[in-house]
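Let me begin by presenting the structure, written as structure tokens, before commenting on it.
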Amino acid sequence: MPDLHALCCGRLAFDRSVFFPDAAPGTPTTVPVPGWLIRHPKGNLLFDTGIACDAASDPAGKLGKRIASTYRLAGAIDENPVDQLALLGLAPDDITWVVNSHLHFDHCGCNSLFPKATFLVQRAEMMAAQAPGSRYDARLWDLPLNYQLIDGEHDVFGDGSVLLMPTPGHTAGHQSLMVQVARDSRFVLTADACYSGEHMARELLPNVVWDGPQMLDSMRRLRALGEQSGTRVLYGHDPEQFALLGPATRALV
Ligand SMILES: [Zn+2]
Ligand SMILES: [Zn+2]
């Protein structure tokens with residue numbers, strides 16, 4: 001059985017109304033940017049690579065003025081995938097697979113650090129990112145990396161323990177991941193298909209939405225999974241939940 005570790009790959013500070021459109025502007029919030037390490041007998045898998053490690057010194061230059069004017073990078077110096085993996089005795093070259101839930105800046109920012117990995121991205125996401133006029137930042141993902149494009153569900157190791165699931169709506173080709181860590185215990189990693197438990201409870205869509213009805217449908221499917229016995233849902237940017245998960249060295253059970 002694989003194990004699962006929560007890595008903190010940055011933090012974002014911004015106005016709460018960005019995530020909660022029904023909140024009055026003026027209230028700051030800070031959320032974690034998780035990466036998730038899965039150690040499987042057939043290889044190590046990293047789900048999302050966080051914010052670019054070199055962005056803190058020049059956010060506008062590295063991420064663009066639009067992003068830099070909305071979000072302040074608030075992560076500690078060691079809150080990046082390289083330092084987090086090192087806590088577990090791993091180097092970037094020890095990662096066999098990288099899964100990008102989607103290609104927003106806070107989910108693929110460190111892709112360039114994993115040149116030996118195979119990247120699993122939904123074809124619909126890559127096509128949306130490559131489309132003329134796309135607002136995706138090509139500097140972060142349009143790199144000489146080994147991308148394997150996925151159409152729909154995908155069983156990464158062929159044993160049912162790590163499954164990719166399309167959860168479109170936030171973006172065209174967003175995907176979530178389910179990992180079985182014990183016979184009676186599994187986790188669903190939503191990424192940005194659902195930012196937090198509050199979004200799930202209120203069926204609240206954020207400002208950043210490609211297709212609202214599809215996002216709502218994806219959230220409801222994730223909730224239904226979470227209601228199955230032995231299944232826990234881990235949200236994309238939930239400060240309260242993430243704080244409970246503990247350091248990268250602790251395997252989640
Ligand atoms: Zn996103
Ligand atoms: Zn995000």
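All of these numbers come straight from a predicted model, not from anything done at the bench. In each ligand, atom 1 is the first atom listed, and ligand 1 is the first ligand listed.
- Partner Thr167 forms a side chain to side chain donor-acceptor pair (under 3.5 Å) with one of Ser218, Ser176, Ser101 and no other, that one being Ser176.
- Clustering ILVMFWY residues whenever any of their side-chain heavy atoms sit less than 4.5 angstrom apart, transitively, puts Leu149 in the very cluster that holds Phe114.
- Residue contacts to the Zn ion (ligand 1): Asp192 brings an N, O or S atom closer than 2.8 Å.
- Residue His107: no N/O/S atom is found under 2.8 Å from the Zn ion (ligand 1).
- Angle NE2(His237) to the Zn ion (ligand 2) to OD2(Asp106): 90° [nearest 10 degrees].
- Centred on the Zn ion (ligand 1), the NE2 atom of His102 and the NE2 atom of His170 lie at an angle of 100°, reported to 10°.
- Ring planes of Phe105 and Tyr71: tilted class, angle from 30 to 60°.
- The Zn ion (ligand 1) lies under 2.8 Å from an N, O or S atom belonging to His104.
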| Worked check of side-chain contact (heavy atoms from CB on, under 4.5 Å) between Arg139 and Lys62 | CA-CA 9 Å; Arg139 293 174 298 175; Lys62 300 291 185 185; 5.6 Å; no
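- Relative ring orientation between Phe119 and Tyr147 is described as tilted, the plane-to-plane angle lying within the 30° to 60° band.
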